[in-house]
Student: 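This is the structure, below, for whatever I ask next.
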Amino acid sequence: MVVDGKEGKPYDGLLAGSRIIFDSPDRLHSLAVKDGSSIYLVEEKLR
C-alpha cells in the first residue's frame, strides 16, 4: 500500500470483499492478504 507517496509493507492484495476504511481524517485501515492465506489488518496514519 502506498500512502502519500510512501510505500509500506508489500501484500498480495486486499482481502476479497474488503474495503479501505477511513476512521478519521488522518487514519485508514484495510484487510490484506499475503502468501495466499495469511490475512493482515493494515493500519496507516496519514500526514
Side-chain angles (χ1 to χ4, degrees):
M1 185 176 287
V2 178
V3 176
D4 289 332
K6 186 175 180 183
E7 188 174 333
K9 294 180 182 178
Y11 297 96
D12 296 336
L14 293 178
L15 181 66
S18 68
R19 300 175 289 165
I20 296 174
I21 306 294
F22 290 86
D23 291 334
S24 66
D26 67 342
R27 191 168 295 274
L28 64 87
H29 71 270
S30 63
L31 295 175
V33 178
K34 186 173 184 179
D35 300 327
S37 62
S38 298
I39 299 172
Y40 297 87
L41 174 62
V42 179
E43 297 179 305
E44 296 291 339
K45 183 173 179 160
L46 309 173
R47 299 195 259 174

Student: Quick one: list whatever passes ring-ring contact (aromatic ring centres under 6.0 Å, His included) with F22, sequence neighbours left out.
Tutor: none

Student: Which heavy atom of H29 sits nearest to which heavy atom of D23, and what is that distance?
Tutor: ND1-OD2, 2.9 Å

Student: Roughly how far, to the nearest 0.5 Å, is CG of D35 from OH of Y40?
Tutor: 6.5 Å

Student: Can a donor-acceptor pair be found, under 3.5 Å and without considering hydrogens, that links the side chain of D26 to the backbone of K45?
Tutor: no

Student: Look up atom CG in L31 and atom CD1 in I21, then write down how far apart they are to the nearest 0.5 Å.
Tutor: 9.0 Å

Student: Under 4.5 Å between side-chain heavy atoms, hopping through other hydrophobics if needed: is there a path connecting Y11 to L28?
Tutor: yes

Student: Indicate if L14 and L41 have the same hydrophobic cluster label, given that clusters are the connected sets of ILVMFWY residues with side-chain heavy-atom separations under 4.5 angstrom.
Tutor: no

